[in-house]
Structure formats: C-alpha cells, structure tokens
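Values below: every heavy atom of this structure, side chains too, minus hydrogens, waters and symmetry copies.
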Amino acid sequence: VLTITFNNPKKLNCMGFEMLEAIDKEIETAKRNPEVKVILFKGSGGRAFSTGANIKEFEALKGDEVKRWIEFGNELNNKIETIKKPTIAFIDGYAMGGGLELALSCDFRLVTDNAILCSPEVNNGWLPGWGGMTRVRRLVGEAYAKQIILLCEKFNAEDSLRIGLVTRIISESELSDFLKELLEKKATAYALAKSAVMDENRTTYGSDLDFDVLAVKISQE
C-alpha cells in the first residue's frame with residue numbers, strides 16, 4: 001500500500017503547487033512500480049483530509065498562473081481517477097473544495113463519523129476547477145449535485161453515505177481490513193473491470209462484449 005499523506009495540519013492540509021507536484025510525482029511512480037498494489041490518501045493532524053487550495057496562494061495567482069492551477073489540478077485528478085490500481089480517500093474530518101475534488105477522483109471514499117464534506121467555492125466567488133462538478137453529478141445525480149455545488153451545503157458522514165457520495169463509514173482501526181480486501185484482488189481483473197465500469201458509453205453489444213470475453217481470458221492467464 002502506498003500511503004500519500006497531506007501534511008499541512010496547521011492549515012487543515014490545504015494544498016499549493018508544491019504539494020500538488022509532490023502528489024503527481026508519487027502517482028507517476030506508483031504507475032510504474034509493480035510493488036504498489038493500492039494507493040491510500042490521508043490527511044494528517046486528525047482534523048481534516050484536506051480543505052483544498054491554499055487560499056493565500058490561490059488568490060495571489062495571476063493570468064496564466066490561474067490557468068496552470070486549474071489544468072494541473074485537473075490533470076492530477078484525472079491521473080488518480082484512471083490509474084489501474086485501487087485508490088482510496090480516507091476522510092477523517094473536513095474534505096472541502098479541492099480536497100473533496102481529489103477524493104472524488106478515487107475509487108473509494110471511506111469516512112469516519114466526524115467527516116464533513118463540502119464544496120464552498122461558489123460562496124467564495126469561484127467554481128470547483130479540478131473536475132469536481134462533473135464527478136459529483138456522476139456520483140449523486142443532478143439534484144444533490146446542485147445542493148453540494150450551488151448551495152455549498154455541508155454533508156456529514158451519514159448524509160454523505162445516504163446520497164452515495166461516500167463508500168462506507170468506518171473507524172481508522174477498520175481501515176486495515178478494507179486494504180486487505182483490496183490487496184487480495186487480482187490486479188489484472190481489477191484494472192480491466194475498473195476500465196469498463198468507468199466507460200460512460202459502454203453497452204452490452206459489439207466491441208464491449210468482445211472486451212468482456214477478452215478480459216476474462218486475460219484474467220485467467
């Protein structure tokens with residue numbers, strides 16, 4: 001298990017370019033390293049997963065820097081979403097803004113009882129820029145997406161589970177059991193199934209059926 005910890009607890013693990021670049025480097029390494037079977041994201045300090053952008057750094061961006069910030073965050077979350085290995089966001093405390101957007105790019109969001117999920121960008125005068133608007137709509141549908149994105153409502157652990165925003169409510173002591181479950185998956189089968197599940201245009205005909213047949217054969221090798 002590769003554990004990536006957001007380590008800025010005094011500022012609730014907010015992210016700037018330096019942290020984004022470090023995460024990107026770890027994801028690229030994980031892609032190439034066959035010993036990495038699962039990727040786990042956590043926040044340090046016990047108060048937050050991540051509250052997203054470092055506001056002081058973000059508000060100081062000008063011109064092309066804003067474009068780079070949005071593009072880099074999108075590219076990183078796209079890498080996390082499409083990597084062929086299992087990805088988990090373990091949320092203890094706040095997951096807000098860009099922190100929530102990164103969590104949404106993971107396969108699974110595991111939360112503790114004190115988790116709070118929120119997308120406050122519209123209240124701050126801007127938009128979620130790292131793919132969160134699309135991913136949250138896919139997960140929970142348009143009605144709840146409007147509550148999350150447009151109204152900036154805060155969702156606790158139980159409400160997040162109820163609407164399908166998170167996978168499970170667990171304690172930190174139960175996390176190892178979930179990781180063990182993923183480690184026991186056959187990597188090839190997981191990667192092929194993940195690719196198929198994420199294909200929004202997938203059907204039960206033609207080339208998609210051919211993919212299923214080939215995938216089963218490959219998984220049996």
Side-chain angles (χ1 to χ4, degrees), residues 2-32 39-45 47-84 87-91 93-107 109 115-142 144-155 165 198 200:
L2 170 65
T3 301
I4 298 175
T5 303
F6 308 130
N7 190 23
N8 190 9
K10 290 183 179 180
K11 296 185 178 180
L12 299 180
N13 302 319
C14 66
M15 294 181 279
F17 272 121
E18 184 178 1
M19 188 180 287
L20 292 178
E21 288 164 358
I23 297 167
D24 184 66
K25 182 178 179 180
E26 291 297 325
I27 295 299
E28 287 294 334
T29 300
K31 280 184 180 180
R32 299 187 298 270
I39 302 168
L40 172 67
F41 293 92
K42 298 176 68 177
S44 64
R47 296 173 59 202
F49 175 73
S50 172
T51 53
N54 182 322
I55 299 299
K56 287 185 178 179
E57 184 173 336
F58 177 75
E59 291 182 339
L61 298 177
K62 297 179 181 179
D64 288 344
E65 291 176 332
V66 175
K67 183 172 183 286
R68 179 174 172 247
W69 174 265
I70 293 172
E71 289 180 344
F72 193 11
N74 266 283
E75 289 170 6
L76 175 58
N77 285 346
N78 287 340
K79 286 180 183 180
I80 295 168
E81 183 176 54
T82 58
I83 196 168
K84 295 179 180 180
T87 52
I88 304 166
F90 178 68
I91 300 171
Y94 290 100
M96 301 177 69
L100 176 59
E101 290 186 281
L102 188 146
L104 292 170
S105 69
C106 293
D107 295 337
R109 282 153 300 285
I116 298 291
L117 281 64
C118 179
S119 182
E121 285 91 342
V122 170
N123 279 351
N124 293 331
W126 55 81
L127 307 181
W130 292 348
M133 291 185 287
T134 297
R135 291 188 177 97
V136 78
R137 191 190 69 245
R138 280 192 212 140
L139 277 173
V140 302
E142 184 177 316
Y144 285 126
K146 286 179 177 178
Q147 287 181 242
I148 295 167
I149 303 298
L150 303 182
L151 297 180
C152 306
E153 292 184 4
K154 293 179 180 178
F155 283 74
L165 192 58
M198 291 180 61
E200 293 186 4

K.L.:
Check whether any side-chain heavy atom of Phe41 sits under 4.5 Å from a side-chain heavy atom of Thr3, and report yes or no.
P.N.:
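No, too far: nothing below the 4.5 Å cut-off.
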K.L.:
Could you tell me whether Glu81 and Arg138 have a side-chain N and a carboxylate O separated by less than 4.0 Å?
P.N.:
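Yes.
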K.L.:
Is the backbone N or O of Gly132 less than 3.5 Å from a side-chain atom of Glu101, with the two atoms forming a donor-acceptor pair by type?
P.N.:
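Confirmed, Glu101 side chain pairs with Gly132 backbone.
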K.L.:
Tell me if the aromatic rings of Phe58 and Trp126 count as close, with their centers under 6.0 Å from one another.
P.N.:
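Phe58 vs Trp126: aromatic centres under 6.0 Å.
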K.L.:
Using 0.5 Å steps for rounding, measure from the CG atom of Leu104 to the OG1 atom of Thr134.
P.N.:
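Rounded to the nearest 0.5 Å, the CG-OG1 separation comes to 10.5 Å.
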K.L.:
Given 3.5 Å as the limit, does a donor-acceptor pair link the side chain of Thr87 with the main chain of Asp107, or not?
P.N.:
yes
K.L.:
Strictly by side-chain hydrogen bond (donor to acceptor under 3.5 Å, both in side chains), give each pair with a member in residues 11-20 just once, sequence neighbours left out.
P.N.:
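For residues 11-20: Asn13-Ser44.
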K.L.:
Is a side-chain donor or acceptor of Trp130 paired with a backbone partner of Asn78 at a separation under 3.5 angstrom?
P.N.:
no
K.L.:
Would you please test Leu2 and Leu40 for side-chain contact (heavy atoms from CB on, under 4.5 Å) and show each step?
P.N.:
CA-CA 6 Å; Leu2 170 65; Leu40 172 67; over 6 Å; no
K.L.:
Sequence neighbours excluded, which residues qualify as salt bridge (charged side-chain N to carboxylate O under 4.0 Å, His left out) partners of Lys25?
P.N.:
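With neighbours one apart ignored, the set is empty.
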K.L.:
Taking all atoms of both residues into account, what is the closest heavy-atom pair of Ala103 and Ile91, and its distance?
P.N.:
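So the minimum-distance heavy-atom pair works out to CB-CD1, 4.0 Å.
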K.L.:
Can you tell me how far apart OG (Ser119) and CD1 (Ile148) are? Round to the nearest 0.5 Å.
P.N.:
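Rounded to the nearest 0.5 Å, the OG-CD1 separation comes out at 8.0 Å.
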K.L.:
Name all residues meeting the salt bridge (charged side-chain N to carboxylate O under 4.0 Å, His left out) criterion together with Glu75; count only those two or more places apart in sequence or in a different chain, and write none if there are none.
P.N.:
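By the salt bridge (charged side-chain N to carboxylate O under 4.0 Å, His left out) rule, Glu75 matches no residue at all.
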K.L.:
Counting only N and O atoms by type, is there a donor-acceptor contact under 3.5 Å from the side chain of Glu26 to the main-chain atoms of Ile4?
P.N.:
no
K.L.:
Within 45 degrees of the ring normal and closer than 6.0 Å to the centroid, is that where the cationic atom of Arg109 sits relative to Phe49?
P.N.:
no
K.L.:
How far does CG of Asn124 sit from CD1 of Ile55, to the nearest 0.5 angstrom?
P.N.:
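Answer for the CG-CD1 pair, Asn124 versus Ile55, is 6.0 Å.
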K.L.:
Of the options Ile23, Leu76, Asn8, which is the one that meets Met15 in a side-chain contact (heavy atoms from CB on, under 4.5 Å)?
P.N.:
Ile23
K.L.:
Would you please test Tyr94 and Arg47 for side-chain contact (heavy atoms from CB on, under 4.5 Å) and show each step?
P.N.:
CA-CA 7 Å; Tyr94 290 100; Arg47 296 173 59 202; 5.7 Å; no
K.L.:
Just so I know, are the side chains of Met19 and Phe6 near enough to count as touching, which here means a heavy-atom distance under 4.5 Å?
P.N.:
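In short, these two side chains touch, coming nearer than 4.5 Å.
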K.L.:
If we only count heavy atoms from C-beta on, is the Leu117 to Lys154 side-chain gap below 4.5 Å?
P.N.:
no
K.L.:
Within this structure, what is the CD1-CG distance for the pair Ile70 and Leu61, rounded to the nearest 0.5 Å?
P.N.:
9.0 Å
K.L.:
Between Asn74 and Gly129 (side chain of the first, backbone of the second, donor and acceptor by atom type, cut-off under 3.5 Å), is there such a pair?
P.N.:
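Between the backbone of Gly129 and the side chain of Asn74 there is a qualifying donor-acceptor contact (under 3.5 Å).
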K.L.:
Looking only at heavy atoms, which two atoms of Ala145 and Val136 are closest? And how far apart?
P.N.:
CB-CG1, 4.0 Å
K.L.:
Determine, step by step, whether Glu21 and Arg68 satisfy the salt bridge (charged side-chain N to carboxylate O under 4.0 Å, His left out) criterion, reporting the C-alpha distance in whole Å, the side-chain angles of both residues, the deciding distance to 0.1 Å, and the verdict.
P.N.:
CA-CA 12 Å; Glu21 288 164 358; Arg68 179 174 172 247; 2.9 Å; yes
K.L.:
If we only count heavy atoms from C-beta on, is the Cys106 to Ile80 side-chain gap below 4.5 Å?
P.N.:
yes
K.L.:
Can you name the nearest heavy-atom pair linking Cys152 to Cys118, along with the distance?
P.N.:
O-SG, 3.6 Å
K.L.:
Roughly how far, to the nearest 0.5 Å, is CG of Leu127 from CD1 of Ile149?
P.N.:
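Atom-to-atom, Ile149:CD1 and Leu127:CG are 9.0 Å apart.
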K.L.:
Measure the shortest side-chain to side-chain distance between Ile39 and Ile88 over non-hydrogen atoms and say whether it is less than 4.5 angstrom.
P.N.:
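No; the side chains remain at least 4.5 Å from each other.
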K.L.:
Please examine the side chains of Asn77 and Phe72, heavy atoms only from C-beta on, and report whether any two atoms are closer than 4.5 Å.
P.N.:
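No, side chains not in contact.
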K.L.:
Considering all heavy atoms of both residues, which atom of Cys14 and which atom of Ala53 are nearest to each other, and what is their separation?
P.N.:
CB-O, 3.9 Å
K.L.:
Just by distance, do the side chain of Ser105 and the backbone of Leu102 share a donor-acceptor pair under 3.5 Å?
P.N.:
yes
K.L.:
What's the spacing between Glu200 CD and Met198 CE if we round to 0.5 Å?
P.N.:
8.5 Å
K.L.:
Compare all side-chain heavy atoms of Arg137 with those of Met133 and state whether any distance is below 4.5 angstrom.
P.N.:
no
K.L.:
Please check: side-chain N/O of Thr5 versus main-chain N/O of Asn7, any donor-acceptor pairing under 3.5 Å?
P.N.:
no
K.L.:
Verify side-chain contact (heavy atoms from CB on, under 4.5 Å) between Leu20 and Trp69, making sure each step is shown before the conclusion.
P.N.:
CA-CA 10 Å; Leu20 292 178; Trp69 174 265; 3.9 Å; yes
K.L.:
So do Lys84 and Lys31 actually touch side chain to side chain, heavy atoms under 4.5 Å?
P.N.:
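Contact flag for Lys31/Lys84 side chains = no.
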